[in-house]
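Each remark here refers to the structure printed beneath this line.
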Amino acid sequence: MSISTCARFCSSLTGMSKNLASSKNGSSSKLIEGAETCVTQWAALQNKKEIPTTSTSSDNTEATFTFKLGRTTGGDLSSNLSVTSSESSDILESDYSEKSGEQNSQKLQSPYVGVRSSSNNNVTTFVDHKLVHKEEKDESHDAADIKCKDSEKSELDDGNDTDEDETDNESEESSSNHTEKSGRKYNFDHFQIIKTVGTGTFGRVCLCRDRVSNKYCAMKILTMAEVIRLKQIEHVINERNILREIRHPFVISLKWSTKDDSNLYMIFDYVCGGELFTYLRNAGKFSSQTSEIVSALEYLHSLQIIYRDLKPENLLINRDGHIKITDFGFAKKLRDRTWTLCGTPEYIAPEIIQSKGHNKAVDWWALGVLIYEMLVGYPPFYDEQPFGIYEKILSGKIEWERHMDPIAKDLIKKLLVNDRTKRLGNMKNGADDVKRHRWFKNINWNDVYNKKLKPPILPDVHHDGDTKNFDDYSEMDWKPTIAIDQKDFKLFNDF
Ligand SMILES: Nc1ncnc2c1ncn2[C@@H]1O[C@H](COP(=O)(O)OP(=O)(O)OP(=O)(O)O)[C@@H](O)[C@H]1O
């Protein structure tokens, strides 16, 4: 996850953050207490029946409690917190589909603090330094140096090296199956790591060069031990599986995934423009990007996938100016509804707060928040405290800027409807209702999909591997690769 963008509230969370930072597997009950308090306060806020703080599942399924805490508007500090516990007494909420009873793991985010200026990507990141690797590294690394054995289990993907910008539409038309083979077999040492361009909860994202095709790509490296520690195995496997299934011009495309005995790896096309948010904060310029997001959401929902993490940080912009939605860590294939409390506070839909069970409607809500934030510069529901944010979300009151475009305002209002059965996008015509809104009156949706709309702005990049739109990250804190034991390794059998 990018920590960049709008840095968010923090002071109230700092103490919690410290607790979390010092937490180990076996000592997380304090943190869970904090999480329980959150849940209880939400319930109290609404004067509604209490959200269960223990799992109702009979099979002791592990619970999920997932937040991305930490966005402050115009401020400069954000804090993401993470905590886990596998003790059933600490269970807060099970993440399962209503019908499947599918279990999931438990999480608040890992401790880090990010600072960002509102005008660009200047982010300072402090990741968990407990396992910081002090040894100095060269700027570029061989992927093989990271210790991926030949015997690693690797996922043969489509192996399609062709420049995505040129082939996106072709491949989408010819195949929606990401695993369709094109003949190439990837190998880990085909990749040379050049530079870190982002950090996430469990690892980092690096710019790489594919030695075979000579193309740039992004390698997301997740430390298995961290994934286990944060009880995120299911989410990571979900992320990979969903990414393998999808192929859309405005969604990041996974080229290959693999693992060794310490890390999970996902190789994506490199999106060199950085975050969209950096470029566009202007009503006139944003409608074509919005339409790309709508197109992507419609596609995901058509596959019964909810994305659940729509926010400016997760919208990257390609060299051609088009959007790429990234970070599918919260995405989920749904049979019906899900109950995981997850998301980023400012973007969470009321039904998530109310623990009513949620579905794709949460993405349409988040779209309303996103459009508002893109147009106004800060999110519609904001407070220094997360509870204040939830209270505002539930109240449904939105402050409107006087000069807000009335058509945009109408769209936002129809997306930010508390009653999800009346929310645009979630009614019987689905995404068509959104697409037919006046805000999109001049939009030809086929043209959107085929990238025929001229992007309002092109990112300032000099070449495909340009990293100027990303923050600088230390290459000195690569964590040592520690092999996990066989028992733990088996947890990743499905990756
Ligand atoms: N394909 C890509 N091209 C360029 N940069 C990327 C790409 N994928 C990710 N990044 C950068 O790396 C950052 C972290 O990526 P991502 O959000 O996927 O990590 P994460 O580990 O899932 O984070 P989280 O903590 O939210 O789980 C992004 O915000 C972005 O800046």
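Because the structure is a prediction, the values reported are computed rather than measured.
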Spell out, as yes or no, whether a donor-acceptor pair under 3.5 Å connects the side chain of Asp261 to the backbone of Phe489. no
On a heavy-atom basis, which atom in Pro345 and which in Ile389 lie closest, and how many Å separate them? O-CG2, 3.7 Å
Asn238 side chain to Lys332 main-chain N or O, any donor-acceptor pair under 3.5 Å? no
Counting only N and O atoms by type, is there a donor-acceptor contact under 3.5 Å from the side chain of Arg319 to the main-chain atoms of Leu458? no
Below 30° counts as parallel, above 60° as perpendicular, anything between as tilted: where do the rings of Tyr186 and His190 land? tilted
Would you please test Ser253 and Asp269 for side-chain hydrogen bond (donor to acceptor under 3.5 Å, both in side chains) and show each step? CA-CA 6 Å; Ser253 70; Asp269 293 305; 2.5 Å; yes
Distance check, rounded to the nearest 0.5 Å: Leu276 atom CG versus Ile317 atom CD1? 5.0 Å
Can a donor-acceptor pair be found, under 3.5 Å and without considering hydrogens, that links the side chain of Gln232 to the backbone of Leu230? yes
If you define the side chain from C-beta out and look only at heavy atoms, does anything of Leu316 sit under 4.5 Å from Glu275? yes
Do Lys311 and Glu346 meet the salt-bridge criterion of a basic N to acidic O distance under 4.0 Å? no
One should read off an interatomic distance between Leu264 CG and Phe495 CZ, to the nearest 0.5 angstrom, of 4.5 Å
Quick check for you: to the nearest 0.5 Å, what is the distance between Leu310 atom CG and Asp327 atom CG? 11.5 Å
I need the minimum non-hydrogen distance between Asn187 and Trp256, along with the two atoms involved. C-CH2, 3.8 Å
Nearest heavy atoms of Tyr299 and Arg247, plus distance in Å: OH-N, 2.8 Å
A side-chain contact here means heavy atoms from C-beta on lying under 4.5 Å apart; do Tyr216 and Ile194 qualify? yes
Closest heavy-atom contact between Leu334 and Asn359? CD1-CA, 3.7 Å
Rounded to the nearest 0.5 Å, the CD1 atom of Ile305 sits from the NZ atom of Lys333 at a distance of 5.0 Å
Tell me, with the steps shown, if Thr196 and Val205 meet side-chain contact (heavy atoms from CB on, under 4.5 Å). CA-CA 6 Å; Thr196 301; Val205 176; over 6 Å; no
Evaluate the criterion side-chain contact (heavy atoms from CB on, under 4.5 Å) for residue pair Val448 and Ser295; output intermediate values, then yes/no. CA-CA 8 Å; Val448 170; Ser295 170; 4.2 Å; yes
Check: Pro312 and Glu373 side chains under 4.5 Å, non-hydrogen atoms: yes
For the residue pair Phe330 and His235, categorise the inter-ring angle as parallel (less than 30°), tilted (30 to 60°) or perpendicular (more than 60°). perpendicular
Does a side-chain N-to-carboxylate-O contact under 4.0 Å join Arg204 and Asp477? yes
For Trp364 and His301, run ring-ring contact (aromatic ring centres under 6.0 Å, His included): C-alpha distance rounded to whole Å, both residues' side-chain angles, the deciding distance at 0.1 Å, then the answer. CA-CA 11 Å; Trp364 296 117; His301 293 171; 5.5 Å; yes
Quick one: sort the Tyr449 and His248 rings into parallel, tilted or perpendicular, breaks at 30° and 60°. perpendicular
Hey, are Arg308 and Asp363 close enough for a salt bridge, meaning a charged N less than 4.0 Å from a carboxylate O? no
In Å, rounded to the nearest 0.5 Å, how long is the span from CZ of Phe191 to CZ of Arg209? 13.0 Å
Taking 4.0 angstrom as the limit, do Lys451 and Asp320 come out as a salt bridge? yes
Quick one: do Lys220 and Glu239 make a salt bridge, cutoff under 4.0 Å? yes
Mind running side-chain contact (heavy atoms from CB on, under 4.5 Å) on Val227 and Phe492 for me, showing each step along the way? CA-CA 10 Å; Val227 175; Phe492 297 94; 3.8 Å; yes
Please examine the side chains of Ile246 and Leu300, heavy atoms only from C-beta on, and report whether any two atoms are closer than 4.5 Å. yes
Are side-chain heavy atoms of Phe328 and Ile325 found at a separation under 4.5 Å? yes
So how far is it from Tyr270 OH to Asp464 CG, rounded to the nearest 0.5 Å? 9.5 Å
Find out whether Phe202 and Val236 are in side-chain contact, i.e. whether some heavy atom of one side chain is under 4.5 Å from a heavy atom of the other. yes
Could you report the tightest heavy-atom contact between Phe470 and Val197, atom names first, then the distance? CD2-O, 3.5 Å
Look at the side chain of Tyr265 and the backbone N and O of Asp260, then say whether any donor-acceptor pair between them is shorter than 3.5 Å. no
What one should report as the nearest heavy-atom pair of Pro249 and Lys324 is O-NZ, 2.9 Å
With a 4.0 Å cut-off on N to O distance, would you call Asp472 and Lys195 a salt bridge? yes
Contact between Lys468 and His462 at the side-chain level, heavy atoms closer than 4.5 Å - yes or no? yes
Candidate pair Ile242 and Arg244, rule side-chain contact (heavy atoms from CB on, under 4.5 Å), full reasoning: CA-CA 5 Å; Ile242 286 172; Arg244 277 173 72 192; over 6 Å; no
Can you check whether Leu243 reaches Ile252 side chain to side chain, under 4.5 Å on heavy atoms? yes
